[in-house]
Student: 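Dropping a structure here in structure tokens format, bear with me for questions.
All values below were derived from every heavy atom in this structure, side-chain atoms included, with hydrogens, water molecules and symmetry-related copies excluded.
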Amino acid sequence: MARRLTPAMQQFMDIKKEHPDCILFFRMGDFYETFFEDARVASKELEITLTKRGRTPADKDIPLAGIPYHALDSYLYKLTRKGYKVAIVEQLEDPKFAKGVVKRGLIRIVTPGTVLESKELDTRKNNFVMAIAPLGQEEPGAGGIEKRRAGTGDTRTELTGAESYGIAFSDISTGEFLTTSVEGIDALLDCIRKYNPCEIILPESLREFPAFMERARDISAYFFDYPAQKFSFEHAYQALLSHFNTDSLSAFFIDDNKAAVMSSGALLSYLKETQKTQLSYINTIRLVAEQEHMVLDATTLRNLEIFANLHDSSSKGTLFSVVNHTTTAMGARLLSQWLMSPLLDLAGIQQRQDAVQALSDDVLLQKDLAAELRHIHDIQRLISKIAYGSANARDVVSLRSSLARIPALKKHLSQKLTNQKQSSSAPTSPSLSLSSSS
DNA sequence: GCTTCCCTCCCAAAGC
DNA sequence: GCTTTGGGGGGGAAGC
């Protein structure tokens, strides 16, 4: 009689069956262990030893590769950067009180665009996961849309059959969630190149158009299919209402933007499915309003060498590298966003210029602010780690010490504002505002 | 039925 | 200062 899988191996196989597209990191004591084909892949990609433990019902060795739990971060980062999804399976009860094998369950799926933990994540850049929702798309394969549209001059729809595209993107390490919609494939590809996401989810129907994937070949993000039903307007709209606990989306200015709703709802569903949390700190959607910001497409960004130079695509000699004297990671990311989308609103531009002028005129204030900011860690990412339950004691201490610096910062800025008000002798001198836009 | 041994990687401690 | 060793903790196979 053939032997059966041991209870622990059966546990592994049951969870694997639910998530065949993921590498399962199965917690066994102080190790995360992978078995079968996952072990072969992990061994090859992570350069760790492939060994064996136990036998299959067919009396073959079961491949095993594993890592100690405290080294999870760096291995997770390595696998996701190579485009793998990793399902983390934890022990859900105290082994001391377990009858038989310890209960285990999936606690999170880490994907290229949702990796939080690694120290190797560039703090100066956002790590975006993006969802694309085609609107007005005809069924693919029904006679060949590309053939039918060929020669008609309709460049908007000839590649995918869609009239417009909803685009939503989020950096879950900072809690930012943005959306927009664009007309035509060129604008879509520009938007992807501009925000440079690590991961893009899209309905299968879009991937069925080879011409689209061909045009997107230079994009370095990993593309994953996601069920078309999640992109449907009804499903997406309900997902958003339910998450934000509201009756309408008018507060986010997307109520009448069908494509943006579809992409945002799908992205939120995807994040909830993979992160297994309520994502309570994603508490707003920011509509990227192109009429308020100058549109710098990917070609312009590249030719102006804003973030990457033309020579070797590194940051050496770029505008960002020259002007970036920020002290905190949050400041670097904000500056990066400002350079990517310069303001068009005159009042807003003048407000920023006044703030810069006011600071450059006051060397003492500069020094005081810098002295405080130097002790402020990446509060956005620390809060996200706490919300996900992946923060350690050091993270909590870092957050405490960072928050402790805020009163002093506010005091320095308040004093500056008070001094400005009192100096009525120079009414046209630049002023510092505490508004969020500056 | 009980005990011992095995097994990934990492790091501290021991030994040289 | 460098190299070697063993513990960390689960689960299961093997030995007694």
Student: Specify the separation, in whole Å, of atom CG of A/L72 and atom C1' of B/dC11.
Tutor: 17 Å
Student: Rounded to the nearest angstrom, tell me the gap between atom NZ in A/K96 and atom P in C/dG9.
Tutor: 9 Å
Student: Is any side-chain nitrogen or oxygen of A/T49 closer than 4.0 Å to OP1 or OP2 of B/dC7?
Tutor: no
Student: If you measure from the Lys or Arg side-chain nitrogens to the Asp or Glu carboxylate oxygens, is any gap between A/D297 and A/R193 under 4.0 Å?
Tutor: no
Student: Reckon A/Y32 has a side-chain N or O less than 4.0 Å from the OP1 or OP2 of C/dG8?
Tutor: no
Student: Just by distance, do the side chain of A/E90 and the backbone of A/L106 share a donor-acceptor pair under 3.5 Å?
Tutor: no
Student: Output the rounded distance in Å from CG (A/D30) to P (B/dA12).
Tutor: 14 Å
Student: Please pick, from B/dC7, B/dC10, C/dG9, the nucleotide with the shortest atom-to-atom distance to any side-chain atom of A/M28.
Tutor: C/dG9
Student: Need to verify one output field. Residue with the more 5' nearest nucleotide on DNA chain C, A/K103 or A/P68?
Tutor: A/P68
Student: Across the strands shown, which category fits A/F26 at heavy-atom distances under 4.0 angstrom: base, sugar-phosphate, nothing?
Tutor: nothing
Student: When the distance from CD of A/E90 to P of C/dG9 is rounded to whole Å, what number comes out?
Tutor: 15 Å
Student: So if I take every side-chain heavy atom of A/R53 and compare against C/dG12, C/dG10, B/dC11, which nucleotide ends up nearest?
Tutor: C/dG10
Student: Report yes if a side-chain nitrogen or oxygen of A/T6 is closer than 4.0 Å to either non-bridging phosphate oxygen (OP1 or OP2) of C/dG11; otherwise report no.
Tutor: no
Student: Within the 4.0 Å heavy-atom criterion, would you say A/I48 contacts the bases, only the backbone, or no part of the nucleic acid?
Tutor: sugar-phosphate
Student: What is the pairing partner of C/dT4, taking Watson-Crick or G-U wobble pairs with both distances under 3.5 Å in any strand?
Tutor: B/dA13
Student: Is a side-chain N or O of A/T327 found less than 3.5 angstrom from the main chain of A/A370, in a donor-acceptor match?
Tutor: no
Student: Compare side-chain N and O positions of A/R104 against OP1 and OP2 of C/dG11 and report whether any pair is under 4.0 Å apart.
Tutor: yes
Student: Does A/R207 come within less than 4.0 Å of A/E204, counting only side-chain N to carboxylate O?
Tutor: no
